[in-house]
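This report concerns only the one structure given below.
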Amino acid sequence: EKKDMAYDIIIEPKMSFGTGHHETTYMMLEYVLTADLEEKVILDMGCGTSVLAILASKRGAKKADAVDFDSWCYENSLENIEANNCKNIQVYEGAVEVLDTLSSEDNPKYEVILANINRNVLLEDIPSYLKHLKKGGELYVSGFYKEDLPLIQEKVSSAKATFVDNKERNNWIAARFIK
């Protein structure tokens, strides 16, 4: 028997990370389900399967950019976006420097940034994410353990954004910040 579901998403994970079963993806999906995304421009950084961008699109995001440096993830994202008929998602293969080609510090593009990556990449790239996030925009990050939350908070704070709240699941953390 099929339960009533608000969103039905088709994900063929192939070699990519992001079926929704891992704790970090699960918590990020929870955030995406409650965030106000209506008519917003969002970024899914380290997109994996692009499940976060796809759900954001289905929840009313105007446009989504999905970025991953892994070619498997890039190809897989294109397939998943097509399978879910999300015409407003653009996929880019590359790392954080791709953002400089999509947006600028003087004219930041994104109202919501989702980054489910890992502690070291987050610590290195958070300043870049915030450079491309509009004032009042939200940054959601995951991919790190509870003991790393203070490091992440400090990095975000030094880049002029404010901690809002976090979720915890099996010692994994997802956190929300506002610029």
Side-chain angles (χ1 to χ4, degrees), residues 17-18 22-48 50-53 55-56 59 61-70 73-74 77 89-179:
F17 183 85
H22 190 275
E23 289 88 346
T24 60
T25 312
Y26 185 93
M27 290 183 292
M28 291 293 275
L29 288 166
E30 282 185 324
Y31 268 135
V32 173
L33 282 168
T34 56
D36 173 16
L37 302 175
E38 201 62 43
E39 286 302 300
K40 294 203 171 149
V41 178
I42 74 131
L43 169 66
D44 181 356
M45 190 70 205
C47 62
S50 283
V51 65
L52 300 176
L55 181 58
R59 292 219 50 247
K62 178 166 57 179
K63 182 176 177 358
D65 289 339
V67 178
D68 205 298
F69 72 91
D70 184 292
C73 294
Y74 173 77
S77 287
I89 303 174
Q90 198 66 46
V91 188
Y92 299 91
E93 188 175 347
V96 75
E97 61 279 354
V98 169
L99 301 185
D100 291 328
T101 66
L102 302 174
S103 161
S104 74
E105 191 164 11
D106 299 328
N107 189 16
K109 177 176 184 178
Y110 303 105
E111 292 154 294
V112 175
I113 295 179
L114 308 161
N116 183 15
I117 305 186
N118 70 53
R119 186 194 88 150
N120 294 344
V121 173
L122 290 172
L123 288 172
E124 195 169 315
D125 294 351
I126 278 169
S128 295
Y129 304 157
L130 289 169
K131 196 169 81 171
H132 297 286
L133 185 65
K134 293 184 175 190
K135 184 131 185 65
E138 293 181 311
L139 170 66
Y140 296 86
V141 294
S142 193
F144 57 93
Y145 292 113
K146 186 178 181 175
E147 54 268 24
D148 297 320
L149 181 58
L151 282 173
I152 300 287
Q153 287 172 308
E154 190 182 314
K155 181 58 82 170
V156 173
S157 175
S158 70
K160 306 284 185 271
T162 309
F163 175 72
V164 180
D165 58 28
N166 69 270
K167 297 177 180 292
E168 184 184 339
R169 194 174 165 93
N170 296 334
N171 210 36
W172 290 96
I173 296 289
R176 173 169 48 148
F177 300 87
I178 194 156
K179 183 172 173 183

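The basis for the numbers below is simple: all heavy atoms, side chains too, and nothing from hydrogens, waters or symmetry mates. This one's a predicted model, so the numbers in the text were calculated from it and none came from an experiment.
You'll find the side chain of Leu43 reaches within 4.5 Å of the side chain of Leu99, heavy atoms only. Put simply, the side chain of Tyr31 does not reach to within 4.5 Å of the side chain of Leu114, judged on heavy atoms. Taking the side chain as every heavy atom from C-beta outward, Asp100 and Lys131 approach each other to under 4.5 Å. No side-chain heavy atom of Glu39 sits under 4.5 Å from any side-chain heavy atom of Glu111. Using a 4.5 Å heavy-atom cutoff, the side chains of Pro127 and Lys155 are in contact. Contact of the Glu124 side chain with the Val96 side chain is not registered, since no non-hydrogen atoms from C-beta on lie closer than 4.5 Å.
For Asp70 against Glu93, the heavy-atom pair with the smallest separation is C-OE2, 4.5 Å. Contact detail for Arg59 and Thr34: the closest heavy-atom pair is NH1-N, 4.0 Å. Annotation for Asn120 and Asn118: closest pair N-OD1, 3.0 Å, computed over non-hydrogen atoms. For Cys73 against Asp68, the heavy-atom pair with the smallest separation is CB-CG, 3.5 Å. Across Ala175 and Leu149, no two heavy atoms sit closer than the pair CB-CD1, 4.1 Å. Ser103 and Lys109 get closest at one heavy-atom pair: OG-N, 3.1 Å.
Atom NE2 in His22 sits 8.5 Å away from atom CE in Met27 (nearest 0.5 Å). Going from atom CE of Met28 over to atom CZ of Arg176 covers 11.5 Å, rounded to the nearest 0.5 Å. Lys40 NZ to Glu38 CD: the interatomic distance, rounded to the nearest 0.5 Å, is 9.5 Å. Summarising the geometry, atom CG belonging to Asn170 is positioned 10.0 Å from atom OH belonging to Tyr145; distances are rounded to the nearest 0.5 Å. Atoms CD1 and CG, on Ile113 and Leu52 in that order, are 13.5 Å from each other to the nearest 0.5 Å. Note that SG of Cys47 and CD1 of Ile117 are 9.5 Å apart. Values are rounded to the nearest 0.5 Å.
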- Message: Is there a side-chain contact (heavy atoms from CB on, under 4.5 Å) between Asp36 and Glu138? Walk through the geometry before answering.
- Response: CA-CA 10 Å; Asp36 173 16; Glu138 293 181 311; over 6 Å; no
- Task: Kindly determine whether Asp125 and Tyr129 satisfy side-chain contact (heavy atoms from CB on, under 4.5 Å), including the steps that lead there.
- Result: CA-CA 6 Å; Asp125 294 351; Tyr129 304 157; 3.5 Å; yes
- Would you check, one step at a time, whether the test side-chain contact (heavy atoms from CB on, under 4.5 Å) holds for Tyr140 with Val32? CA-CA 9 Å; Tyr140 296 86; Val32 173; over 6 Å; no
- Item | Full working for side-chain contact (heavy atoms from CB on, under 4.5 Å) between Leu123 and Ile152 | CA-CA 6 Å; Leu123 288 172; Ile152 300 287; 3.9 Å; yes
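For Glu97, the CD atom is densely surrounded, since the number of other residues' heavy atoms within 6.0 Å is greater than 12. The number of heavy atoms from other shown groups lying within 6.0 Å of CD (Glu30) is above 12.
Side-chain rings of Phe144 and Trp172 stay apart, their centers remaining 6.0 Å or farther from each other.
Phe69 meets the ring pair (Phe, Tyr, Trp, His ring centres under 6.0 Å) test with no other residue; sequence neighbours excluded.
Judged by the 6.0 Å and 45° rule, Arg169 forms a cation-pi pair with Tyr26.
Side-chain atoms of Thr24 and Ser142 form no donor-acceptor pair, as typed in the model, at a separation below 3.5 Å. No donor-acceptor contact under 3.5 angstrom links the side chains of Gln90 and Tyr92, judged on distance only.
Within the 3.5 Å criterion, the main-chain N or O of Ala53 finds no donor-acceptor partner in the side chain of Ser50. Lys179 contributes a side-chain N or O that, together with a main-chain N or O of Leu130, makes up a donor-acceptor pair within less than 3.5 Å. With Asp148 contributing its side chain and Leu151 its backbone, the two residues share no donor-acceptor pair below 3.5 Å.
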